[in-house]
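Proteins get letters first, then strands, A, B, ... in listed order; numbering begins at 1 in each.
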Number of protein chains: 2
Amino acid sequence: MNKREAMVLLKNKGYKHTDKREDILELFDQKGGYLSAKEIQTALKDSYPGISFDTIYRNLSLFQDLMILEETELDGEKIYQFHCTEHHHHHLICLSCGKTRTIEVCPMQDLSQIDPEFQVTGHKFEIYGYCKSCQLKMKETEKKNHDSMMVSPKV
Amino acid sequence: MNKREAMVLLKNKGYKHTDKREDILELFDQKGGYLSAKEIQTALKDSYPGISFDTIYRNLSLFQDLMILEETELDGEKIYQFHCTEHHHHHLICLSCGKTRTIEVCPMQDLSQIDPEFQVTGHKFEIYGYCKSCQLKMKETEKKNHDSMMVSPKV
DNA sequence: ATACATGCAAACAATTTGCATATTA
DNA sequence: TAATATGCAAATTGTTTGCATGTAT
């Protein structure tokens with residue numbers, strides 16, 4: 001799923017076109033990973049200084065109902081990304097920037113007989129860590145802090 | 001980890017013995033699975049009618065810091081069970097009763113080279129569904145509803 | 001014109017915190 | 001008695017909802 005497809009879907013289902021809706025979807029297009037309501041509000045507050053969380057939450061919830069977005073939870077916060085209709089898969093999730101990378105391995109394939117009595121209805125497999133670019137950024141920051149300490153040591 | 005070990009640990013660390021603390025741990029001993037703050041409050045409200053959520057949350061949080069309990073999240077609710085020090089593993093989680101069953105398979109073993117650039121810091125693998133006994137209970141309930149409908153049909 | 005979208009304010013639920021009091025070692 | 005535990009009440013955070021208004025079709 002992506003912004004363009006989502007816009008078409010919304011139109012077909014009779015939902016109205018609004019700039020905010022489009023811009024929220026645009027964010028997901030640009031991001032290619034998970035976003036929280038808060039991140040969306042932050043990202044949009046230049047274009048829409050008064051944008052309210054209700055609108056964001058309502059749209060996220062609508063998008064989820066329409067299978068435009070899929071939801072997961074991180075640290076008690078709901079986060080969303082474009083729903084992937086094509087096939088079942090899992091994700092690497094960067095804890096710093098929220099970007100995700102799809103992995104095609106699903107552990108469930110190997111587990112058919114783990115416990116025949118247990119009726120499986122769902123599963124979650126997520127890998128957390130830091131993507132290459134965030135690792136580099138963190139190294140940069142570390143270095144900067146170190147350098148500035150050298151120049152003007154803290155009291 | 002179990003109640004007895006936990007009590008010793010608390011004592012050694014200088015925390016005081018209280019009946020509530022002991023009873024909370026006792027609950028986990030009996031349950032052998034996940035409990036939420038709400039479930040704990042419900043279970044203890046006979047013995048301690050006025051027990052406050054603060055106490056429960058504070059103790060859960062303490063127990064987690066001391067590695068007595070481990071935490072995960074289900075439907076936006078934090079749930080806890082005894083921490084397993086022995087070895088790394090994952091769980092089947094019954095969505096009805098919260099009981100868990102350990103499974104020894106860890107998908108990470110097979111994933112060492114998924115993305116060498118991604119710095120892995122953690123992962124979550126959980127399987128959700130219904131345990132045998134909850135399946136039976138649900139069937140019972142269904143049957144009961146059906147039977148009672150036969151006797152006195154709803155308007 | 002009509003249905004849908006939004007903002008506002010208020011409600012909600014889960015969780016956390018400051019402070020005074022009570023309890024354990 | 002000295003340190004820790006608890007209850008109370010209030011704050012915080014993330015999220016949801018009712019209602020009046022605004023806007024896209």
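Annotation: side chain to side chain donor-acceptor pair (under 3.5 Å) contacts of A:K11 (sequence neighbours excluded): none. Every residue meeting the salt bridge (Lys or Arg N to Asp or Glu O under 4.0 Å) condition with B:R101, not counting sequence neighbours, appears here in chain and number order: A:D115. Residues that satisfy the salt bridge (Lys or Arg N to Asp or Glu O under 4.0 Å) test with B:K20, not counting sequence neighbours, are absent from this structure. Legend: residues meeting side chain to side chain donor-acceptor pair (under 3.5 Å) with A:T102, ordered by chain and number and at least two apart, are absent. With sequence neighbours excluded, no residue satisfies side-chain contact (heavy atoms from CB on, under 4.5 Å) with B:K16. Under the ring pair (Phe, Tyr, Trp, His ring centres under 6.0 Å) criterion, A:H123 pairs with A:H88, A:H90, not counting sequence neighbours. Partners of A:D54 according to the side chain to side chain donor-acceptor pair (under 3.5 Å) rule, which considers only residues two or more places apart in sequence or in another chain, are A:S52. Residues meeting the side-chain contact (heavy atoms from CB on, under 4.5 Å) test with A:T42, sequence neighbours left out: A:K45.
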Identify all pairs in which a protein N or O lies below 3.5 Å from an N or O of nucleotides 1-3 of chain C, and state each distance.
{"unit_1": "C:dA3", "atom_1": "N3", "unit_2": "A:K16", "atom_2": "NZ", "d": "2.5"}

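Here C:dA5 presents its P atom at 16 Å from CG of A:D23, a figure rounded to the nearest Å. For the pair B:E71 CD and C:dA14 P, the interatomic distance rounds to 15 Å; values are reported in whole Å. The CG atom of B:L10 sits 14 Å away from the C1' atom of C:dA25 (whole-angstrom rounding). The CD atom of A:E73 sits 11 Å away from the P atom of C:dT15 (whole-angstrom rounding). The OH-C1' distance, from A:Y15 to C:dT6, rounds to 16 Å in whole Å.
A salt bridge between A:E126 and B:K124 is absent, with no side-chain N of the basic residue lying under 4.0 Å from a carboxylate O of the acidic one.
Within residues 49-58 of chain A, the residues having any heavy atom under 4.0 Å from DNA chain D are, by residue number, A:D54, A:Y57, A:R58. Residues of residues 29-46 of chain A that place a heavy atom closer than 4.0 Å to DNA chain D, in numerical order, are A:K38.
No side-chain N or O of A:D19 forms a donor-acceptor pair with one of A:Y48 less than 3.5 Å apart.
Here A:K13 does not reach the OP1 or OP2 of C:dC4: none of its side-chain N or O atoms lies under 4.0 Å away. In this structure, B:T18 does not reach the C:dT24 phosphate: none of its side-chain N or O atoms is under 4.0 Å from OP1 or OP2.
In this structure, OH on A:Y80 lies 10.5 Å from OG1 on A:T72, to the nearest 0.5 angstrom.
For B:G33 against B:F28, the heavy-atom pair with the smallest separation is O-CD2, 4.1 Å.
Atom CG of B:D65 is surrounded by more than 12 heavy atoms from other residues, nucleotides or ligands within 6.0 Å.
Chain B approaches DNA chain D within less than 4.0 angstrom (heavy atoms of the protein), and the contacting nucleotides run 5' to 3' from D:dA3 to D:dA9.
With the nearest nucleotide of DNA chain C identified for both B:H17 and B:E77, B:E77 has the one nearer the 5' end.
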